[in-house]
Amino acid sequence: MRLLVTGGAGFIGSHIAEAAVARGWEVRILDSLDHAVHPDRPQGIPGAHLMAGDVGDPATVAEALADVDVVVHQSAKVGLGVDFFDAPDYIRNNDLATAVLLSGMASAGIGKLVLASSMVVYGEGAYTDAAGRLVRPGPRLVEDLEHGIFDPRDPATGELLRPALVSEDAAMDPRNVYAASKVAQENLASAWARATGGTAVALRYHNVYGPRMPKNTPYAGVASLFRSALARGEAVRVFEDGGQRRSFVHVRDVAEANLLAIDALAGGRIASGSLRAYNIGASEVHTIGQVAAILSSVSGAPEPVVTGGFRLGDVRHITASSARAQAELGWIPTQGFEDGMREFATAPLRGDPS
C-alpha cells in the first residue's frame, strides 16, 4: 500500500504516518511546514518520505501523487480562529487546496480518499425534549447565557433540551468559518467521487487530544489550550459552567480509524462513486470541566477557574455516536479517558523546546 498523507508532519497526520509505516506501508508526506504551525522544522517520521510543499499548488500535488494508491487528506487550517478576517485563509487552505488535490487525483487516476472532517459540521449536537423526541435547537439566547442558562431551548416550546449522541444522519449546521470549510470539503469530495467513480471516507473527528498537539495558538483544541495555560503557571480558565459535554478521543485511536478506513477502501467495502461519513469519538462522554480538573490535578496546579463567561460561536454539547464506525470499520477506541489525560498532562506538545 502506497499512501500520500497531506499535513503528515502535523498533530494527527504524523500519528497516521507513523502507524502506517508500522504496518509496512510506503508513506509519502506532503506538508507546507508553515512556520506558524511548525516553529521548529519537524524531524519527520522514520520510514516516511517528507516533501515540503503546498497542497494548493497543482505542480506540487502532481509530484506528490506519483505512484500513490490512497490519499489521506489531513492538511487544513483548524480551530475557531481569531476573527472573521481569518475567513479567506480558511477557504484557501481548506477548500481551494482540497479542490486542487482532488483535481490532481482525477488526473492521476487515483480513486481512494480518506478525508479528515470534523464534528463542527453539525453545529450543536443532538438533543431531545422531555418526551425523548429529537429536537433541533436554534441558536442559544444571549439573555439566557448572561443569566447562566447555557443549555439550548426547544424553539417551539422554550423548554430546555437534553443532550444526546449525534449520529452521522444529523443535518449539517456549520456555525463558523472553519465549520463551513469542512462541510465544503465533504461536498467537494462527494462531487469528486460521483464524477470519477472514486470512493471517499470522511472521518468526522470529535475532540482529539494527545502528544504533539500544538501549543499556545488560538487554533488549538481546548485540551491543548489548557495544557499551555498550565505550562505558563496559570490556572485553567473554563467558559460557562464547565458542563459542556464532548467526546474526547486519543490521537492514537484516531490514527487507527484512518488505517481501518483505508482497509475498507482497499477491500471494496465503500460503494464506488460515493462518500461515507463516520463519527470518530470516544464512547465515553466527559465534560470540559472534567478535562480541566484532571490536567490541573496531574500538573499540581491550582483548581480551574470556572468563569461563567461565554462566546456566542461556541456550541454547548456535542457527543458522538460512533456505532457506524464500529459496525462498518471495526473501529473501537482503546485509550481510556483518565489514562489518556494523565499521559497528555506531561506529553510533549508541538512547539515545546527540543
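What's counted below: heavy atoms across the whole structure, side chains too, no hydrogens, waters or symmetry copies.
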Residues 109-116 side chain polar contacts: donor-acceptor under 3.5 Å, at least two apart:
none

Between Ala325 and Ile280, which heavy-atom pair has the shortest distance, and what is it?
CB-CD1, 4.1 Å
If the threshold is 4.0 Å, N to carboxylate O, is there a salt bridge linking Asp339 and Arg342?
no
Test item: Ser296 side-chain N/O and Ala293 main-chain N/O as donor-acceptor pair under 3.5 Å
no
Please report the closest heavy-atom contact between Asp31 and Gly10, naming both atoms and the distance.
OD2-N, 3.7 Å
Sorted by chain and residue number, the side-chain hydrogen bond (donor to acceptor under 3.5 Å, both in side chains) partners of Ser181 (sequence neighbours excluded) come out as Asn94
Please check: side-chain N/O of Asn279 versus main-chain N/O of Tyr205, any donor-acceptor pairing under 3.5 Å?
no
Between Pro304 and Val238 the two heavy atoms that sit nearest each other are CB-CG2, 4.1 Å
Side-chain contact, heavy-atom cut-off 4.5 Å: Val222 with Ile288?
yes
Filter on ring pair (Phe, Tyr, Trp, His ring centres under 6.0 Å), then keep only pairs touching residues 267-291, sequence neighbours left out; what's left?
His286-Phe337
Report the residues that fulfil side chain to side chain contact (heavy atoms under 4.5 Å, CB included) with Thr6, sequence neighbours left out, ordered by chain and then residue number.
Leu4, Val55, His73, Ser75, Leu101
For Ser190 and Arg194, test the side chains for any donor-to-acceptor distance below 3.5 angstrom and give the result as yes or no.
yes
Closest heavy-atom pair and its distance - Ala223, Phe344
O-CE2, 3.5 Å
Name all pairs fulfilling the salt bridge (charged side-chain N to carboxylate O under 4.0 Å, His left out) condition that reach into residues 315-324, sequence neighbours left out, sorted by first residue then second.
Asp151-Arg316, Glu168-Arg324, Asp169-Arg324, Glu240-Arg316, Asp241-Arg316
Would you confirm whether Trp331, through its side chain, and Val254, through its main-chain N or O, come within 3.5 Å as a donor-acceptor pair?
no
Would you please say whether a donor-acceptor pair under 3.5 Å links the side chains of Gln74 and Asn258?
yes
Please answer whether the main-chain N or O of Met1 pairs with a side-chain N or O of Asp69 as donor and acceptor at a distance below 3.5 Å.
no
Residue pairs passing the side chain to side chain donor-acceptor pair (under 3.5 Å) test where at least one lies in residues 297-308, sequence neighbours excluded
none
Set of side chain to side chain contact (heavy atoms under 4.5 Å, CB included) partners for Ser247, sequence neighbours left out:
His206, Thr319, Ala320
The single option from Asp86, Asn93, Asp89 passing side chain to side chain donor-acceptor pair (under 3.5 Å) against Lys77:
Asp89
Check: Gln290 main-chain N/O paired with Thr287 side-chain donor or acceptor under 3.5 Å:
yes
Using a 4.5 Å cut-off on heavy atoms from C-beta on, say whether the side chain of Ile318 contacts that of Arg245.
no
For Asp129, is there an ion pair with Arg162 - N to carboxylate O distance below 4.0 angstrom?
no
So the salt bridge (charged side-chain N to carboxylate O under 4.0 Å, His left out) pairs with at least one residue in residues 254-283 (sequence neighbours excluded) are Arg23-Asp263, Arg276-Glu328
Restricting to non-hydrogen atoms, name the atom on Val5 and the atom on Gly13 that form the minimum distance, rounded to 0.1 Å.
CG1-O, 4.0 Å
Has the side chain of Arg28 got a donor or acceptor atom that lies under 3.5 Å from a matching backbone atom of Ala64?
yes
All ring pair (Phe, Tyr, Trp, His ring centres under 6.0 Å) counterparts of His250, not counting sequence neighbours
Tyr209
One thing to verify: whether Asp173 and Arg136 come together as a salt bridge, which I'm taking to mean a side-chain N less than 4.0 angstrom from a carboxylate O.
yes
Which pairs with one or both residues in residues 106-161 pass ring pair (Phe, Tyr, Trp, His ring centres under 6.0 Å), sequence neighbours excluded?
none
Any donor-acceptor pair under 3.5 Å linking the side chain of His317 with the backbone of Pro152?
no
Those residues that, when tested against Asp54, pass side chain to side chain contact (heavy atoms under 4.5 Å, CB included) (two or more places apart):
Asp57, Arg92
Ignoring hydrogens, what is the shortest heavy-atom contact between Leu275 and Ala189? Give both atom names and the distance.
CD1-CB, 3.6 Å
Under 6.0 Å from the CZ atom of Arg2, do we count more than 12 heavy atoms belonging to anything else shown?
yes
Tell me yes or no: between the side chains of Ser14 and Arg212, is some donor less than 3.5 Å from an acceptor?
yes
Taking only residues two or more places apart in sequence, or in another chain, which ones meet Ser103 in a side chain to side chain contact (heavy atoms under 4.5 Å, CB included)?
none
Within the side chain of Arg153, is there an N or O that forms a donor-acceptor pair under 3.5 Å with the backbone of Gly158?
yes
Salt bridge or not for Arg252 and Glu343, using N-O below 4.0 Å?
yes
